[in-house]
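Sequential numbering from 1 along the given sequence is applied to the chain's residues. Ligands are counted one by one from 1 in listed order, and the atoms in each one are counted from 1 as well.
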Amino acid sequence: MSTNIDPEVMRTLVSQVIKELKEKGAGTSCPAPTAAATLYGVFPTMSECIDASTKAQEVLLFQTPATRQKWVEVIRHTCLDKRNMEMMSRMAVEETAIGRYEDKIIKNTAAAKYTPGIEDLSTDARTGGHGITLFEYCPFGVIGSITPTTNPTETIINNSICMIAGGNTVVFSPHPRARKTSAFLVQTLNRALEKSGAPANMITMVQNPSIEATNEMMASPKVRMLVATGGPGIVKTVLSSGKKAIGAGPGNPPVVVDETANIEQAAKDIVAGSSFDNNVPCIAEKEVFAVDSIFDYLLINMKGAGSYEIKDRETIEKLWSVVSNEKGGPKVEFVGKSAQYILDKIGIQVEGSIHLIIMEVNKEHPFVQTEMMMPILPLVRCDNVDQAIEWAYESEHGNRHSAMMHSTNIAKLSKMAKLLQTTIFVKNGPSFAGLGIGGEGYPTFTIAGPTGEGLTSPKSFCRRRECVLKDMFNIR
Ligand code: NAD
């Protein structure tokens, strides 16, 4: 079979094999990979991906939960291996030109360490005079997962753990701009899984991702469930597919700060959350509504925490025209770039310690109303907390994705939680606390607001089935 594997990915794999051979002692039992084996889950065509995934799922279906958990642990260890972790984080930043290496490390580590495993799949039982019925979370089969440029490796790690824990195999359709990075990760995981005795190709992807390949995946009767993590277009597409689909769509998370908050801490949290991975996480703070009485003090503290303030209108509008496209959305080449890089493009040079650009604008400004995914955070001055909550509600646009509030007023915190109905609502912390990074809870990189699964976990990718034994095993 001819393989068209990326030379860069191939070089990495070959060096891994050589390293392993050396560790084992050259000439000992470690076999040289065959041509077919070097595919390691990355196939030239979508139909090959789906067929291989189907075959793997037929084997996986009959494994015990403990065995599935063992393979989940292999995924965790492989990703947490220092070399793999650094390689995938670096490749993601270099290939997509989005985000920060240090933050990719944090996100990939969180996904590998803390994504829930089979412990998530609890069984319910009901017993009575007529016997026993079990309600269990069972596999869907082959799942098709479409992943974004903004979290290419995080989503593959997180989805793979959840889906395999649930007894499913997965065909990924990564963003074409994250092709090499995704292929590196898929092949690295398959190598490790196969070595530990797992069936080949539990995780697959097509060598050259494209809209046509994604469409083929969505149409295949062998793919039983679809998951889309991305913007509104792809979420709508999978929800119109006629299959069970999970949609994890865009957000525009607002932050409200009122006069009862710890302003110094709020400033630090907002800067940390909003600048994390250069603002690309869908949960990251995208606009602030602060009450007038603490507004200036908040701004001063945000500057002290690593933000650069643009004061004059003309520069704000210049910035908007540079980073936005003709449709009023973000210009792709500025998504996930650093504050230093963006400021440089409008003729402002700052130190590397500046991670966020801030400015006061009115609530109608497109910086407030548009999900830009850049470290640019507009602040809106509000008369009081009720107005701030109302304006936050408007700017979230009904995505019901994420929101943050800094306050000690329980009534107002409750009001915001009720009104916005976001999947994630963080109180008195940075947005990433909602993903279990410095907060309780667990990480997911597929936050399914539109379809209601919320922070997806293995059970989100399972079918609930019942198994009845008539008239027996009621032992009460
Ligand atoms: P995107 O929508 O451009 O791409 C997402 C994926 O969908 C990619 O793999 C892309 O190739 C594919 N795609 C897009 N349109 C398609 C079409 N018509 N047919 C087939 N495939 C198509 O998004 P992106 O820029 O990569 O990611 C950023 C967006 O994703 C933001 O809006 C962000 O909020 C959102 N996001 C949401 C979550 C969540 O968990 N809810 C997580 C990460 C990102």
**Student:** If you measure every N or O of Thr229 against every N or O of ligand 1, does any of those distances drop under 3.5 Å?
**Tutor:** no
**Student:** To check your reading of the model: name the closest protein heavy atom to atom 7 (O) of ligand 1, its residue, and the distance in Å.
**Tutor:** Ile146 CG2, 3.3 Å
**Student:** Which of the numbered atoms in ligand 1 are below 4.0 angstrom from a heavy atom of Pro176?
**Tutor:** 11 (O)
**Student:** Please determine whether the number of non-hydrogen atoms from other residues, nucleotides or ligands lying under 6.0 Å from atom NZ of Lys244 exceeds 12.
**Tutor:**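 Check passes, neighbour count above 12.
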**Student:** Looking only at atom types and distance, does a side-chain atom of Glu119 sit under 3.5 Å from a main-chain N or O of Gly117, one as donor and one as acceptor?
**Tutor:**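 Pair found, side chain donor or acceptor close to backbone of Gly117.
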**Student:** Using only atom types and a distance under 3.5 Å, with no angle test, would you say the side chain of Thr45 pairs donor to acceptor with the backbone of Glu48?
**Tutor:** yes
**Student:** Looking at ligand 1, would His401 count as a contact under a 4.0 Å heavy-atom criterion?
**Tutor:**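 Yes, that is the case, since the closest heavy atom of the residue is under 4.0 Å from the ligand.
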**Student:** As a test of understanding, state which of Thr155, Thr150, Thr446, Asn151 forms a side-chain hydrogen bond (donor to acceptor under 3.5 Å, both in side chains) with Thr229.
**Tutor:**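 The passing option is Thr446.
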**Student:** Tell me which protein heavy atom sits closest to atom 44 (C) of ligand 1, plus the residue, atom name and distance to 0.1 Å.
**Tutor:**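 Looking only at protein heavy atoms, the one closest to atom 44 (C) of ligand 1 is Thr150 OG1, 3.7 Å.
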**Student:** Using side-chain contact (heavy atoms from CB on, under 4.5 Å) as the criterion, point out the one residue from Pro254, Ser274, Ser275, Ser402 that pairs with Glu285.
**Tutor:**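 Result: among Pro254, Ser274, Ser275, Ser402, Ser274 is the only option passing the side-chain contact (heavy atoms from CB on, under 4.5 Å) with Glu285.
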**Student:** Between His77 (side chain only) and Glu73 (backbone N and O only), is there a donor and an acceptor less than 3.5 Å apart?
**Tutor:** yes
**Student:** Mark yes or no: Arg191 above the aromatic ring of Tyr40, with NZ or CZ under 6.0 Å from the six-membered ring centre and no more than 45 degrees from the axis.
**Tutor:**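 Yes, Arg191 lies over the aromatic ring of Tyr40.
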**Student:** Do the ring centers of Tyr114 and Tyr442 come within less than 6.0 Å of each other?
**Tutor:**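 They do not qualify: ring centres at least 6.0 Å apart.
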**Student:** Do the numbers put Lys337 on top of the ring of Tyr341, so that NZ or CZ is under 6.0 Å from the six-membered ring centre and no more than 45° off the axis?
**Tutor:** yes
**Student:** Which residue owns the protein heavy atom closest to atom 25 (O) of ligand 1, what's the atom, and how far is it?
**Tutor:** Thr149 OG1, 3.4 Å
**Student:** Examine Arg464 relative to Tyr137 and say whether NZ or CZ is less than 6.0 Å from the centre of the six-membered ring and inside a 45° cone about the ring axis.
**Tutor:**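 Because its charged atom sits under 6.0 Å from the ring centre and within 45° of the axis, Arg464 does stack over Tyr137.
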**Student:** Going by distance only, is there an N or O of Gly249 that falls short of 3.5 Å from an N or O of ligand 1?
**Tutor:** yes
**Student:** Nearest non-hydrogen atom to atom 15 (N) of ligand 1 belongs to which of Ile234, Ile98, Val235?
**Tutor:** Ile234
**Student:** Please report which non-hydrogen protein atom sits nearest to atom 27 (O) of ligand 1, along with the residue it belongs to and the distance in Å to one decimal place.
**Tutor:** Pro148 CB, 3.4 Å
**Student:** Are any of the N or O atoms of Ile447 closer than 3.5 Å to those of ligand 1?
**Tutor:** yes
**Student:** Within a distance under 4.0 Å of any heavy atom of Phe445, pick out the atoms of ligand 1 and give their elements.
**Tutor:**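 Numbered from 1, ligand 1 contributes 40 (O), 42 (C).
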**Student:** Check each of Glu287, Glu394, Glu390 against Lys363 using the salt bridge (charged side-chain N to carboxylate O under 4.0 Å, His left out) test, and report the only one that passes.
**Tutor:**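 Between Lys363 and the candidates, salt bridge (charged side-chain N to carboxylate O under 4.0 Å, His left out) is satisfied uniquely by Glu394.
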**Student:** Among all protein non-hydrogen atoms, which one is nearest to atom 36 (N) of ligand 1, and what is the separation to 0.1 Å?
**Tutor:**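 Minimum-distance protein heavy atom for atom 36 (N) of ligand 1 reads Cys282 CB, 3.8 Å.
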**Student:** So which heavy atom in the protein is nearest atom 19 (N) of ligand 1, and how far is it from that ligand atom?
**Tutor:**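 Among all protein heavy atoms, the one nearest atom 19 (N) of ligand 1 is Ile211 CG2, 3.7 Å.
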**Student:** Ignoring hydrogens and angles, tell me if any N or O in the side chain of Asp277 forms a donor-acceptor pair with the backbone of Arg100 under 3.5 Å.
**Tutor:**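 Present.
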**Student:** Do any N/O atoms on Gly231 end up under 3.5 angstrom from N/O atoms on ligand 1?
**Tutor:** yes
**Student:** If you have a sec, work out which protein heavy atom is nearest atom 8 (C) of ligand 1 and how many Å separate them, to one decimal?
**Tutor:**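 Heavy-atom neighbour on the protein nearest atom 8 (C) of ligand 1: Thr147 O, 3.2 Å.
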**Student:** Taking non-hydrogen atoms only, is Ser173 closer than 4.0 angstrom to ligand 1 via side chain, backbone, both or neither?
**Tutor:**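 Just the backbone.
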**Student:** For His397 and Gln369, run side-chain hydrogen bond (donor to acceptor under 3.5 Å, both in side chains): C-alpha distance rounded to whole Å, both residues' side-chain angles, the deciding distance at 0.1 Å, then the answer.
**Tutor:** CA-CA 8 Å; His397 303 306; Gln369 300 299 334; 3.3 Å; yes
**Student:** Purely on distance, is any nitrogen or oxygen of His175 under 3.5 Å from one on ligand 1?
**Tutor:**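 Right, the criterion is met.
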**Student:** Should Thr237 be counted as touching ligand 1, given the test is an N or O pair under 3.5 Å?
**Tutor:**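 N/O-N/O distance under 3.5 Å: no.
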**Student:** Indicate yes or no: does an N/O atom of Asn151 lie under 3.5 Å from an N/O atom of ligand 1?
**Tutor:** no
**Student:** Suppose we measure from atom 33 (C) of ligand 1 to each protein heavy atom; which comes out shortest, and what is that distance?
**Tutor:** Glu371 OE2, 3.5 Å
**Student:** At a 4.0 Å cut-off, with the gap strictly under it, does some heavy atom of Met218 reach an atom of ligand 1?
**Tutor:** no
**Student:** Can a non-hydrogen atom of Pro174 be found less than 4.0 Å from any atom of ligand 1?
**Tutor:**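 The answer is yes: ligand 1 sits under 4.0 Å from a heavy atom of Pro174.
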